[in-house]
Amino acid sequence: QVFYVPNPEDFEELFTNILDVGKLSGHEADAQSLVSSLKDRVSAVEKRLAGVKTAPTVFYELDATDPAKPWTSGPGTFIDYLLQRAAAKNIAGDMEGAWLQISQEELIVRNPDFILLGDSIFGMTSEMVKARPGWSSLKAVNSNQVLPFNDDLVSRPGPRMVTGLEELAKILHPELVP
């Protein structure tokens, strides 16, 4: 017997998947407990961020093999969803395509408050970003907000997405989320 588990697009679909797999595997109580815990953690982040008036802008870098056109996440991706839930604005959230390259010129125009390096797992560092020609004019570079980020927390759907939300909230709103 085969059961298809679709990739979730949001937390509710994630929770449904966990409950379905728990039921199918005979671990319904464990699945209920996990979902309850995850919902509590999401709710705790949402409560802390409820008063956010201005959402910081974020460029999430996936791959800068070509630093003049680095890859990022666009609308409809888990990363875009989690940035929104973390009271932030994905600078590529209104562009075309889920996974896309953004030109250096467009990045400079959009001038993000933060640059999160999902490609830090592959060795990308804030120093390398700061040394890129033309990037010195970016707000994120000037305010030392070019930060490594564990891409495993946001790039694949699963319970770790909640940890990804918590980590994003801590980075983007440290005054609200310790």
Side-chain angles (χ1 to χ4, degrees), residues 9-11 41-42 44-178:
E9 294 185 11
D10 58 30
F11 285 130
R41 290 170 56 197
V42 169
V45 171
E46 288 174 340
K47 285 178 186 170
R48 290 186 180 274
L49 298 179
V52 171
K53 303 268 189 270
T54 305
T57 56
V58 177
F59 170 63
Y60 192 93
E61 184 173 283
L62 293 167
D63 178 1
T65 304
D66 180 355
K69 290 173 60 177
W71 286 89
T72 192
S73 61
T77 61
F78 306 119
I79 295 167
D80 184 55
Y81 172 74
L82 290 171
L83 285 170
Q84 290 176 40
R85 294 296 293 258
K89 183 178 188 284
N90 176 7
I91 66 158
D94 63 347
M95 296 179 80
E96 239 179 86
W99 309 105
L100 55 107
Q101 286 180 284
I102 186 169
S103 70
Q104 179 177 333
E105 293 81 9
E106 186 64 27
L107 185 63
I108 290 169
V109 167
R110 293 179 183 236
N111 201 14
D113 298 311
F114 288 86
I115 297 174
L116 299 181
L117 301 174
D119 55 356
S120 64
I121 193 168
F122 303 113
M124 186 56 62
T125 66
S126 59
E127 291 76 23
M128 293 165 77
V129 171
K130 292 174 184 178
R132 292 177 186 163
W135 287 55
S136 62
S137 65
L138 294 173
K139 267 191 280 187
V141 170
N142 289 314
S143 62
N144 290 316
Q145 296 300 329
V146 180
L147 307 167
F149 192 80
N150 182 354
D151 191 57
D152 285 338
L153 298 177
V154 296
S155 63
R156 291 185 299 277
R160 69 179 129 209
M161 285 174 56
V162 174
T163 304
L165 173 66
E166 292 167 334
E167 291 302 312
L168 286 170
K170 284 178 190 176
I171 289 169
L172 302 172
H173 303 285
E175 72 286 359
L176 300 174
V177 183

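We number each residue from 1, following the sequence as shown. From a predicted model like this one, the values you see are computed outputs, not experimental measurements.
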Handout entry: Pairs involving residues 124-136, ordered by first then second residue, that meet salt bridge (charged side-chain N to carboxylate O under 4.0 Å, His left out) (sequence neighbours left out)
Key = E61-R132
Practice task
Quick one: which residue pairs count as a salt bridge (charged side-chain N to carboxylate O under 4.0 Å, His left out) with a foot in residues 159-178, not counting sequence neighbours?
Solution key: R41-E166, E167-K170
Completion exercise
Smallest heavy-atom separation, H173 atom then P56 atom, equals CE1-CD, 3.5 Å
Practice task
Would you give the length of the straight line joining atom OG1 of T125 to atom CG of L147, rounded to the nearest 0.5 angstrom?
Solution key: 12.0 Å
Handout entry: Side chain to side chain, L49 and V52, heavy atoms closer than 4.5 Å
Key = yes
Completion exercise
D151 meets the salt bridge (Lys or Arg N to Asp or Glu O under 4.0 Å) criterion, sequence neighbours left out, with none
Completion exercise
Smallest heavy-atom separation, M128 atom then G123 atom, equals SD-O, 3.4 Å
Exercise for the section: Could you tell me whether the side chain of P70 reaches within less than 4.5 Å of the side chain of I102, counting heavy atoms only? Expected result: yes
Under 3.5 Å, sequence neighbours excluded: what are the donor-acceptor pairs made by side chains of residues 106-116?
residue, atom, partner, partner atom, Å
E106, OE2, R110, NE, 2.5
E106, OE2, R110, NH2, 3.3
R110, NH1, I91, O, 2.4
R110, NH1, D94, OD1, 2.6
R110, NH2, D94, OD1, 3.4
N111, OD1, K139, N, 2.7
D113, OD1, K139, NZ, 3.2
D113, OD2, T57, N, 2.8
D113, OD2, T57, OG1, 3.1

Problem - Residues that R48 engages under salt bridge (Lys or Arg N to Asp or Glu O under 4.0 Å), provided they are two or more places apart - result: none
Exercise for the section: Compare every heavy atom of G97 with every heavy atom of P75, then report the nearest pair and how far apart it is. Expected result: CD-O, 3.3 Å
Handout entry: Counterpart residues, salt bridge (Lys or Arg N to Asp or Glu O under 4.0 Å), relative to E9 (two or more places apart)
Key = none
Exercise for the section: Not counting sequence neighbours, list each pair that qualifies as a side chain to side chain donor-acceptor pair (under 3.5 Å) and has a residue in residues 62-74. Expected result: D63-T65
Exercise for the section: Find out whether L165 and Y81 are in side-chain contact, i.e. whether some heavy atom of one side chain is under 4.5 Å from a heavy atom of the other. Expected result: no
Exercise for the section: With rounding to the nearest 0.5 Å, note down the distance linking CG in L62 to CG in L100. Expected result: 9.0 Å
Handout entry: Partner set under ring-ring contact (aromatic ring centres under 6.0 Å, His included) for F78, not counting sequence neighbours
Key = none
Exercise for the section: Only counting residues at least two apart or in another chain, list the ones meeting side chain to side chain donor-acceptor pair (under 3.5 Å) with D80. Expected result: Q84, N90
Handout entry: Exam field: side chain Y60 to backbone F149, donor-acceptor pair closer than 3.5 Å
Key = no
Handout entry: I79 and W99: CA distance, side-chain angles, deciding distance, side chain to side chain contact (heavy atoms under 4.5 Å, CB included) verdict
Key = CA-CA 10 Å; I79 295 167; W99 309 105; 4.1 Å; yes
Fill in the blank from the handout: Residues passing the side chain to side chain donor-acceptor pair (under 3.5 Å) test with D152, sequence neighbours excluded, are R156
Handout entry: Pairwise distance CD(Q104) to CG(L138) - rounded to 0.5 angstrom
Key = 8.0 Å
